[in-house]
Colleague: 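Okay, here's the structure, questions in a sec.
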Amino acid sequence: MNDFFTATVVIGIITSAVRLATPYLYASIGEAFAQTSGVLNLGVDGIMLVGAFSGFYVTLETGNPWLGLLAAVLSGLLMGLLMSIISVTLKAEQGISGIGLYMFGLGLSSLLFKVLVGSVKTVSAFSPVRLPLLGNIPILGNIFFNQSLLVYGAFLLVPLAWWVMDKTTLGMKIKAVGQNPAAADSLGVNVNAVRYFSVCLGAVLAGIAGASLSLSLVNLFQENLTAGLGFIAVALVYFGGWRPLGILGGALLFSTVNSLQLWMQVKEANVDPEILIMLPYILTIVALIVASNRARSPAALNKPFERGEN
Amino acid sequence: MKKAHTTFVLAMVLLAAMLLSACGGGGAGGDGETLRVAVVMPSSITDMAFSQSMYNALIAVQTEMGGESAMEIKYSENMFNVPDAAAAIRDYADQGFDIVIAHGSQYGSSVQEIAPDFPETTFAWGTDVNTFGMANVYAYTAAAEQGGYVNGVMAAMLTTSKQIGVTGPVEVGDAKTYIDGFTQGVASVDPNIQLSKTWTGSFSDVALMTEAAKTHIASGADVLTGSSQSVVGSIGAAKEAGNVLWFGTQQDQAALATNLVVASQVYDWTKMLKEIIASRKDGKLGGEQYTLQLANDGLKIAFNSGYSLPAEVKAAADAAIEGIKSGSITVQP
Amino acid sequence: MQSNVNASASSKIRKARITIDWKSIGFNSVMPILAVLLALLAGAVMLLLLGANPLEAYAAMITGVFGSVSGLTQALVKATPLLLVGLGICIAFRASVINIGGEGQIILGALAGTWFSLEFDSWPGWLLIPTTIIAGFLAGGIWGFIPGILKARFQVNEILSTVMMNAIALQLMNLLLRGPLIDPAGVTAGTYLAQSERLPEQVWLSRLVPQTLLHTGLIIAILLAFVVYIFLWRTTLGYRIRAVGLNPDASRYAGISVPLNQALSLTLAGGFAGLAGVIEVIGVQHRLLEGITSGYGFSGIVAALFGGLHPLGLIPASVLFGGLLVGADKMQRAVQVPSALITAILGLVVLFVVGSAYLSRRWAARRLIAATKGDSGARLEAAPGMGMEVAGGEATPEEANP
């Protein structure tokens, strides 16, 4: 362990963390949109799996990763519509409909994989792209500017999401609908339409998150590829206080500790691996306890809207 | 009202369906000569690892015997819930299957309870060594440490950076024994080689396994190995790095990275299956314990023809195999 | 004037309620039936696409569960942990808390039960069984208490903390199972299987039906359902928990601490999930092994939904849901379709049933309004909860969930 604090290790940890944070960023920011409008979607993991598979399969068959990404977007959209119909129009109990969606997504993606593909295959999709100029900066260039396009996209999503949420009328509507749907309704905002949009946007982003796994990070698909990543992403929404910047902090914290513990294992830290594996989860909770800003959740979160009832 | 109505409703639906199910199909009835084999597995048949190895072996034996008319195979996969697996095992036995394979170490107590009720059925379960003293139970296991040793010997000779990475899931079962064997193999060639192990804590988390592999590579490892269905991620990482070699286990993993996979230890259950089938014809239904080993061809080292293995490495591997077979080299699990 | 209107309205309502009861049951039942059928229909389409015969498949499902003793007992074996986890979910939901930490809490209960019974293996059964069960309950309770206190004291959202605690519990189990708790027989034999030593026989729960896995844990679970019912509706503590869930503002004014009662509900939910864990270990497996949770932490939530989030409703609901799960496996075996199809169909069942609840509420509301025409109609429409069961999330109040 004495060679732990070297440049290689530190650079390795950060590079790895940047990569690992990608699916969390897409999925979590997407979920933040949905939750800000008042809908809790626990089915993110299932949507990610469907997105991961469709992206993988289309890329495998056509050889074009962009078509694959499009497939992931569309399949995410379809899942989002399903969730919206059940949770917004049919006003179902959202926690449970989310779990149903998760089961459906898990089953569907595994089934299609089994029937259409059969055994594990790798694809060549989004490999790391070194950005001109920025990529040539010593050290930092390798860490931040030599990643795949989907990784760049995830980080660009943060300011983009902030801008939409805080600086556009759409963002205002989403927040209004999540805080006080009755008031928004009386002002002429179509509450359900805004919620549909937010849930579908969240689902599209979850689909892209899945594709970022199958087309960029691991370049293959296997049943249950996400292994619960979607649930962590939902948890990070609370960590980040529904703010894209907070979510970025949470995703980076979680991923960095995860990379750290892997490096500690490689460098033969004399600690039981299970303790190390636990670290990201423990530290996320601790960080939330310690961090003093306690954002308030959208007041209408997890409450279906009916005109005249709320 | 709500509590009652939903369940009342479900009850009505099921009752109605029950009445309609009078035309339901019963158990499959093959003609008397078809051997009926059922297998219950804890993971998917496409897991590129444990479950797939057994399923592939069954298909191979079926093909050799003449296809589906000679041998019927029914399988239940993803049975990680033991009571569900117990239900499956019991159902298959109930339906008159000749051989029921409980391919999961967690199914032991289920087999122990069910086997006495079906004295005409052959039960085979693994991986473990306990036949419970029952005449119709076979137990089987794989001495994964043996192939691990051979892989380790080769890996130690092929690494130029003198750093080898092991990406493991959880340190139990044949993941542990394989890696322990591998470690001994490496040490037998050069004890100064740095062998790092990572454990992801999960058999299925491919993303974390990929990241573990990338960490090894970034730290300087140029040869990797590992176990579990999630190592497809490690292989992918090796492929992305371009010059990192891979040693596999449980399945021939050459197809995933045709020029980087050096060799894989393959669990070949076919010989054992054929022996079980043959013994059954002679009236023996169980009571034996099989261990897949290099010596009985249950374990094989599949060298990847897509990778050109230097002659002295191949020779060292062959010597190791011979040593283990003859007993001059002992590998501790 | 007002009282006249009220009198006539209330007599109409009284009359109306008596006449509507049958019809509302009818309407309330139609939608979930249609929902399940719709999901099964979608499943049938998928079966056809896979080349399987849907009629044969669904027949196998039904006859598999109801056609034999073993099928029925299998459903009951599954129902036991579903019921226990579901009871905990019920309590938490009544306080407006979502407990998705069931997986971790089951693990802690199983771990505690295993360690305890192995440690005190010289104790006689009549002492060892109850104490082991209590150990499991306490361990699960602690695992629910931690998110509870984090929520109450530090406003850490319980979805975040429970998701994290699930992962932590899994690693804890891995650590102990391959370490101090590993079966010495596996070490000697060189197999190193991820399981604990077999538990002492005197702690095993008796089997109710020979040659099946059905054990007395089911009876314990059913008794506990009644206990939970009494607790929630007949004790002050239970009342407080429900009050906090129904109307946190009023509760606060009444001096009932919302955060503390929510923490309590999470603790109890964890305890019940822990019970599911320890009872699975001593009743079914007789040892701890990986995969002990079998997803009950999540399927328990679904069972709770089907039971209308009422402890007594949970009893038939968990049996039926258990039957559904068992039947689905039978179907898989019969027509040899990938198990993933079963998962997908079950997901659709959950989605459609949970979505149909709203339609049945609306239908029931419309019937109620139609039957009591007149000036009372408008007031009835504006008073939700009239004549309709308050269950689960429909009456979730405006609690700002930090």
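Order of the sequence lines sets the chain letters (A, B, ...), proteins ahead of strands, with each chain counted from 1. Note that the coordinates shown come from a computational prediction; the quantities given were computed from them, not determined experimentally.
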Colleague: When you measure from the side chain of B:His216 to the backbone of B:Val166, do you find a donor-acceptor pair of N or O atoms at a distance under 3.5 Å?
Modeller: yes
Colleague: For B:Gln253, is it the side chain, the backbone, both, or neither that has a heavy atom closer than 4.5 Å to a heavy atom of chain A?
Modeller: neither
Colleague: Report which part of B:Thr215 has an atom under 4.5 Å of a heavy atom belonging to chain A: side chain, backbone, both, or neither.
Modeller: both
Colleague: Taking B:Glu211 for the side chain and B:Ala207 for the main chain, is one N or O donor matched with an acceptor at less than 3.5 Å?
Modeller: no
Colleague: Could you look at B:Leu208 and say if it's the side chain, the backbone, both or neither that has a heavy atom under 4.5 Å from chain A?
Modeller: both
Colleague: Against chain B, label A:Leu213 side chain, backbone, both or neither, depending on which of its atoms sit under 4.5 Å from a heavy atom there.
Modeller: side chain
Colleague: Below 4.5 Å from any heavy atom of chain A, which atoms of B:Thr46 appear? Answer side chain, backbone, both or neither.
Modeller: both
Colleague: Main chain of A:Leu106, side chain of A:Ser109: is a donor-acceptor contact present, judged purely on distance under 3.5 Å?
Modeller: yes
Colleague: With a 4.5 angstrom heavy-atom cut-off, could you sort out which part of B:Thr200 is near chain A: side chain, backbone, both or neither?
Modeller: backbone
Colleague: Among B:Ser44, B:Ser43, B:Ala255, single out the residue with the greatest number of heavy-atom pairs under 4.5 Å to chain A.
Modeller: B:Ser44
Colleague: Test your reading of the model: is there a side-chain donor-acceptor pair from B:Asp180 to the backbone of B:Glu145, 3.5 Å cut-off?
Modeller: no
Colleague: Side chain, backbone, both or neither: which part of A:Pro128 has an atom under 4.5 Å from a heavy atom of chain B?
Modeller: side chain
Colleague: Pick one of side chain, backbone, both or neither for A:Thr8, based on which atoms fall under 4.5 Å of a heavy atom in chain B.
Modeller: side chain
Colleague: For the side chain of A:Tyr152 and the backbone of A:Phe145, is there at least one donor-acceptor N/O pair under 3.5 Å apart?
Modeller: yes
Colleague: May I ask you to decide if the ring planes of B:Trp269 and B:His103 are parallel, tilted or perpendicular, using 30° and 60° as cut-offs?
Modeller: perpendicular
Colleague: Count the heavy-atom pairs under 4.5 Å between each of A:Lys121, A:Glu274, A:Glu223, A:Met278 and chain B, then report the option with the highest count.
Modeller: A:Glu223
Colleague: Where does B:Lys197 contact chain A at under 4.5 Å (heavy atoms): side chain, backbone, both or neither?
Modeller: backbone
Colleague: For chain A, find which of B:Gly233, B:Ala257, B:Ala221, B:Ser219 contributes the most heavy-atom pairs closer than 4.5 angstrom.
Modeller: B:Ser219
Colleague: Within the 3.5 Å criterion, strictly below it, is a donor on A:Ser212 or A:Thr22 matched to an acceptor on the partner's side chain?
Modeller: no
Colleague: Just by modelled atom types, is the B:Ile59 backbone N or O under 3.5 Å from a matching donor or acceptor in the B:Thr63 side chain?
Modeller: yes
Colleague: Sort out for me which of B:Gly201, B:Ala212, B:Gly236 touches chain A most, counting heavy-atom pairs under 4.5 Å.
Modeller: B:Ala212
Colleague: Between B:Tyr92 and B:Ser76, is any side-chain donor less than 3.5 angstrom from a side-chain acceptor?
Modeller: yes
Colleague: Does the ring centre of A:Phe231 sit less than 6.0 Å away from the ring centre of A:Tyr102?
Modeller: yes
Colleague: Specify which of B:Gln163, B:Met209, B:Met48, B:Lys214 makes the most heavy-atom pairs with chain A at under 4.5 Å.
Modeller: B:Lys214
Colleague: Tell me, for B:Asp47 versus chain A, whether the close heavy atoms (under 4.5 Å) come from the side chain, the backbone, both or neither.
Modeller: backbone
Colleague: By a 4.5 Å heavy-atom criterion (distance strictly below it), what part of B:Glu240 contacts chain A: side chain, backbone, both, or neither?
Modeller: side chain
Colleague: Sub-3.5 Å donor-acceptor pair from the side chain of B:Gln184 to the main-chain atoms of B:Gln332, do we have one?
Modeller: yes
Colleague: Would you mind telling me which of A:Val218, A:Leu229, A:Asn258 has the largest number of heavy-atom pairs within less than 4.5 Å of chain B?
Modeller: A:Val218
